[in-house]
Amino acid sequence: MIRTEPLFREQGYLKTVEASVVGINDRGGIILDRTIFYATSGGQPGDTGYLEREDGSRIAIAATVTGRTKDEIIHVPDAQQPVPEIGEKVTAAIDWDRRHKLMRMHTACHLLSAICPHPITGASVGEEDSRIDFDLAETDWTKEIATERLKELVEADHPVFTRWISEEDLAENPSLVKSKNVRPPVGVGRVRLVCIGEGSSVDSQPCGGTHVARTGEIGEVHIGKIEKKGRENRRFRIRFGPLPA
Ligand SMILES: [Zn+2]
């Protein structure tokens, strides 16, 4: 098993990094000693981008996924790309415009889960449209009210930061976990909490994704729709821009 140093975890704003090729898997996936490419997980899609070789040519990366364990990060090349040598040095570059939108959207999803404190049954982050499904049979929420509450939290420009806690601390604070179906990883000793607001005043929850540094950076978002999904679920959709008139 090859372990990739996940630089995106502490340095979400890195756009390029120098790295070495340490493995090629049987399907042509490229493994680096360290990377800024986020691998698809927790509802956030993996990064796309390229690996630039020393001669200046590029290997286009169409997707990033985890391998046999979450520590193994596989850069999946686009079709018809050259295969690098083991030990080769490359400059890894992510599609930053796409990733920054995903960071803004992902952080907006945290804000929505803070204003709508119900168990989450599913979530998906997208560049233009994200969704959270809440275990919620009856609701007074309207898209106008939810949009207004999100806007307040964005405009307050709260800091977003991470904090590591022990599994024991998490076990003593079960309310930190908002997802009904997905449990944070256990057996690794510590859990990464994503906190919003001074002293986590707005929200804190376990998450391994990438987020913006302040809520103001999310920019204008609105709730596009609140759909009924089955008897006990409501799906909230988040989109960029103002609420359409
Ligand atoms: Zn997150």
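Start at 1 and go down the list; that is how both ligands and their atoms are numbered. Atoms considered below: every heavy atom in the structure, side chains included; atoms not considered: hydrogens, waters and symmetry mates.
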- Closest approach to the Zn ion (ligand 1) by His106, given as the N, O or S atom name: NE2
- Message: Which heavy atom of Pro206 sits nearest to which heavy atom of Val177, and what is that distance?
- Response: CG-CG2, 4.1 Å
- Message: Would you say CZ of Arg98 has more than 12 non-hydrogen atoms from neighbouring residues, nucleotides or ligands within 6.0 angstrom?
- Response: yes
- Heteroatom N/O/S of Cys109 within less than 2.8 Å of the Zn ion (ligand 1): no
- Option from Gln44, His106, His100 for which side-chain hydrogen bond (donor to acceptor under 3.5 Å, both in side chains) with Thr210 holds: Gln44
- According to the interplanar angle, ranging from 0 to 90°, do the rings of Tyr13 and Trp96 count as parallel (below 30°), tilted (30 to 60°) or perpendicular (above 60°)? tilted
- Message: Please report, to 10°, the angle around the Zn ion (ligand 1) from atom NE2 (His211) across to atom NE2 (His110).
- Response: 100°
